[in-house]
Amino acid sequence: MLCASRVPFIFGFAILAAPTMLTPLDVVGQSRTVTTPRRVHLVCILSVLALLPLALSNHPARAAIGLLLLAGYFFSGYLLVSAVTGLPISLRLVLSPVVGILTLTTVFDVFVRVSSVGYFFCVASLLSAAGLIVFAFRMSRELPIWTEEDNRTMMAGVIVTLSVAPLYWRSGRFSDGKFVFQGPAGQDPLFHVTLLQRLLHHVPPDNFMFSGLIPSVYHYFNDQSLALILRAQDVIRITRTDLFDLYYRCYPTVLYFVLGALAYVVGREVVRSVKGGVLSVLLLLGVGGLGPIVGLLQTCAHATHSAELRERLMTPWTSWDGIDGIRPLVHRPAHYFGLLVTAAAISLLLAPSRTRRHWSLAGLMLGLLAGFNFTLAATFGGAAVLSCLLSFARRRKEQAINLAWLAVFAFIGSLPVNAAMLLSGFHNGAMGFPFEGPNLDLSTSIWGPWLGRILPATFAAVASLILFPLMAYGIKLVGIGALLRADLGQERHRGVAMLFSIAFAISFVVGTFFPYKGVEVGSIFLQPTLYILGLFALTTLAAWLERNRWNWRSIALWAALVTISAQVLLAFNFSSQLSFDQDTTRALEDLRSSARSDEVVAYLPSYIKQKAIWGYPLESTNFAIMALTGLDGYFSSESYSILNAVPGIVDRDPSRIRQEAERMYQQRLTDIESFIKGGMTEEASARLMSDHVRWVVVSEEAKRDIASSAAPWRRTNDVSIYHLGP
């Protein structure tokens with residue numbers, strides 16, 4: 001099974017790139033209908049795509065049920081998308097799950113807050129049933145007119161899924177007697193596995209990173225959409241899909257398929273050719289920066305040492321961009337779902353037969369995005385208002401009205417989240433709020449240490465600011481002229497181009513010059529700009545590639561884009577691995593089944609090490625214990641603990657807030673260490689009981705540093721588990 005899961009990477013990229021390099025441009029609008037054998041062939045490919053993650057799942061039958069329930073989002077979304085006319089068949093199909101997830105998850109949050117969860121599932125069932133009927137009726141009429149372009153759209157989704165999803169498919173499962181997580185899949189995704197479980201008990205979620213205090217405001221709807229699947233299984237009284245099968249196999253299969261298909265549609269519509277679609281998919285995967293040149297040079301410099309050469313090959317070259325464009329695609333749900341909704345909105349707005357309904361649905365999606373990525377939704381909301389006002393000032397009445405419709409529906413879509421935030425009251429979101437600046441801290445932190453060796457500090461800061469966008473955006477900078485002109489190739493797209501130009505400007509200025517202490521907000525704002533600028537670069541890049549079709553430069557560019565994407569994805573999969581032996585996994589599962597949902601787990605150490613496979617060993621914050629037990633954590637790493645303690649501390653002085661957060665972290669850490677040593681005071685015991693700490697998990701490595709005298713509840717080769725209280 002494992003060997004089979006390693007095959008698709010380069011194979012998939014070769015399929016994606018070859019048709020564009022070996023065949024002439026296929027102009028959109030000249031696509032022919034496909035024959036029945038071709039349609040059957042596509043169905044077989046899609047069936048295999050669905051079976052691959054099931055074959056790698058912990059419980060295939062339950063995972064299949066999870067995939068079927070995810071179809072409820074598709075049918076609900078299909079019912080709403082069907083109200084928009086003039087969409088190609090394949091576009092309607094890939095838009096439907098996006099609209100369904102946005103709508104049902106937001107509606108569920110509203111029903112929870114008004115204590116009417118039972119009614120929600122009735123509404124969701126009716127919407128899904130109606131969508132199924134509409135789907136069956138329309139497809140019976142439209143299947144005979146399925147075109148080659150529809151086929152290509154589906155194949156783009158298949159190829160992106162086979163390229164990206166195996167990182168998840170191979171994680172959260174037993175392999176060679178160990179429960180394993182590959183590369184980035186064993187880091188921040190485990191935070192979201194924990195969040196998913198806590199949402200089964202608390203909506204909005206509690207502070208599971210530093211239990212007992214008010215949590216910071218967080219866009220949790222992506223995890224809520226998966227928690228809904230488990231809730232639905234409870235409602236219809238069937239065994240739940242395995243948590244890790246749902247998060248690591250079912251959801252990524254749907255996510256990356258839709259994301260790849262939509263990226264292809266966007267590029268195809270901008271450039272009006274298949275070449276544009278392929279370029280768009282490659283830019284979606286984060287390539288185009290100049291950082292890989294540094295990575296390649298580093299790799300070549302170690303060519304004579306096989307071990308170091310292998311380690312460099314298994315280090316993502318795009319990390320030298322300064323903003324890693326590919327890592328967030330597998331690491332940060334807010335980014336990849338924001339990218340998904342952005343691509344869905346663009347594909348609607350670029351549709352040939354665009355009407356006001358297209359603008360309205362696109363605005364609604366961007367507004368509903370607030371619960372999934374509030375930062376990006378707010379950026380698009382502000383950009384919509386500014387572009388509308390600018391259009392009115394330029395006397396572009398029709399364009400201004402369309403943008404006004406988009407802005408109004410974006411406001412309507414964001415109302416549930418905005419209202420919830422207002423009603424919950426404002427409290428400290430994180431250390432350092434609000435933004436600071438303007439300054440050059442971000443670019444200097446990335447390139448200053450290198451440039452500071454050869455330049456004075458002042459010149460190094462300015463040089464860093466210049467080098468930063470050059471390395472991050474690379475070949476995408478050929479689109480800067482089109483972005484400044486708000487030009488996507490056609491006059492009818494002027495309003496869309498203006499919207500995304502302003503969104504780019506807002507994101508770039510805030511991300512580059514206004515840091516926000518406590519989180520990496522610079523990269524959070526800048527990540528969407530990579531794809532937006534790539535969107536404006538598509539026409540120029542496609543025209544250059546067409547002029548140099550058989551020139552070595554064109555072939556070299558295609559080869560570079562494909563090679564860089566493949567190198568990074570291979571590095572993610574085979575650089576390092578987080579693993580737990582079977583006994584440890586079973587012990588933590590037993591802890592989960594024994595504990596009540598309000599109990600708290602403390603664990604040492606607060607970091608976790610990933611073992612090297614072909615790359616370097618990695619160290620990251622330990623989210624794994626919370627994910628495997630499903631309980632709130634008493635504390636985490638020092639930085640995460642302080643960050644998550646701040647929102648629950650009320651004081652006018654930010655410095656005193658931080659001091660109190662640091663004191664609480666140290667107090668909790670000391671209490672747990674004293675328990676393990678056997679010298680816990682009555683005051684410490686009372687604090688632990690008051691804070692509902694009932695479980696302590698200590699790695700054997702940490703335990704060697706602490707002379708333990710307490711008797712464990714369960715001991716394995718990896719951990720010792722202690723139970724406090726009765």
Side-chain angles (χ1 to χ4, degrees), residues 53-70 72-73 101 105 108 165 167-175 178-182 184-203 205-206 208-209 220-255 330-331 333 337 578-582 584-599 601 603 608 622-633 695 697:
L54 296 183
L56 293 168
S57 61
N58 299 314
H59 302 284
R62 297 181 194 173
I65 293 173
L67 273 178
L68 290 175
L69 288 176
L70 281 170
Y73 287 124
I101 291 172
T105 306
F108 174 77
L167 172 66
Y168 277 93
W169 292 349
R170 299 173 55 243
S171 300
R173 63 187 294 271
F174 283 100
S175 175
K178 292 183 178 292
F179 201 66
V180 300
F181 299 89
Q182 310 296 340
Q187 298 170 13
D188 274 21
L190 289 171
F191 169 94
H192 294 279
V193 172
T194 308
L195 175 55
L196 191 164
Q197 296 175 82
R198 300 313 301 168
L199 285 167
L200 296 172
H201 306 290
H202 304 278
V203 179
D206 55 357
F208 60 89
M209 295 293 294
Y220 57 86
F221 280 20
N222 188 76
D223 304 288
Q224 182 75 284
S225 65
L226 296 180
L228 259 179
I229 300 296
L230 300 179
R231 285 177 178 266
Q233 291 175 327
D234 291 342
V235 170
I236 58 181
R237 299 185 179 182
I238 60 174
T239 305
R240 283 182 179 177
T241 299
D242 180 83
L243 179 70
F244 293 97
D245 284 341
L246 180 62
Y247 191 89
Y248 282 94
R249 275 161 285 283
C250 299
Y251 184 58
T253 304
V254 176
L255 169 74
V330 297
H331 193 255
F337 201 88
L578 171 64
S579 63
F580 298 90
D581 66 29
Q582 194 165 354
T584 301
T585 306
R586 300 303 182 203
L588 293 173
E589 287 178 350
D590 291 344
L591 190 161
R592 183 196 304 181
S593 60
S594 301
R596 299 193 310 269
S597 63
D598 63 341
E599 293 181 351
V601 61
Y603 46 91
I608 199 162
N622 186 358
F623 300 124
I625 300 302
M626 293 187 297
L628 289 167
T629 61
L631 299 179
D632 285 344
W695 303 91
V697 180

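Owing to the predicted nature of the structure, the values given are computational and were not obtained by experimental measurement.
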Exercise. How far does CG of L199 sit from NE2 of H192, to the nearest 0.5 angstrom?
Worked result: 11.0 Å
Seminar exercise, completed: Heavy-atom closest pair (A185 atom, L190 atom, distance to 0.1 Å) is O-CG, 4.3 Å
Problem set entry | Interatomic distance, Q224 atom CD to L200 atom CG [nearest 0.5 angstrom] | 8.5 Å
Problem set entry | Short side-chain to backbone donor-acceptor contact, R170 and S175, under 3.5 Å | no
Exercise. How close do A63 and T241 get, heavy atom to heavy atom, and via which atoms?
Worked result: CA-CG2, 3.9 Å
For this session: Please work out whether the ring planes of F181 and F179 are parallel, tilted or perpendicular, with thresholds of 30° and 60°.
Result: perpendicular
Problem set entry | Flag side-chain contact, heavy atom, 4.5 Å: H202 against F208 | no
For this session: Could you grab the distance from atom CG of L228 to atom CG of L70, nearest 0.5 Å is fine?
Result: 10.5 Å
Exercise. Do you know the tightest heavy-atom contact between H59 and D245?
Worked result: N-OD2, 3.0 Å
For this session: List the steps and the verdict of salt bridge (Lys or Arg N to Asp or Glu O under 4.0 Å) for R586 and E589.
Result: CA-CA 5 Å; R586 300 303 182 203; E589 287 178 350; 3.3 Å; yes
Exercise. Side chain of Q187, backbone of H331: donor and acceptor closer than 3.5 Å?
Worked result: no
Exercise. Of all heavy-atom pairs between R249 and T253, which one has the smallest distance, and what is that distance?
Worked result: O-OG1, 2.6 Å
For this session: Would you name the heavy atoms of R62 and R240 that are closest together and state the gap between them?
Result: CD-O, 3.4 Å
For this session: Decide yes or no for Y168 and P53: does some side-chain heavy atom of the first lie under 4.5 Å from some side-chain heavy atom of the second?
Result: no
For this session: Mind telling me whether F623 and F191 have parallel, tilted or perpendicular rings, with 30° and 60° as the class edges?
Result: perpendicular
For this session: Could you tell me whether a side-chain N or O of D206 sits under 3.5 Å from a main-chain N or O of R198, the two making a donor and an acceptor?
Result: no
Exercise. Should L631 and L591 count as side-chain neighbours, where that means a heavy-atom distance under 4.5 Å?
Worked result: yes
Exercise. Have Y248 and N58 got a donor and an acceptor in their side chains that come within less than 3.5 Å?
Worked result: no
For this session: Drop me the distance from I65's CD1 to T239's OG1, to the nearest 0.5 angstrom.
Result: 7.5 Å
Exercise. Between G633 and Y603, what is the shortest heavy-atom contact and its length?
Worked result: CA-CE2, 4.3 Å
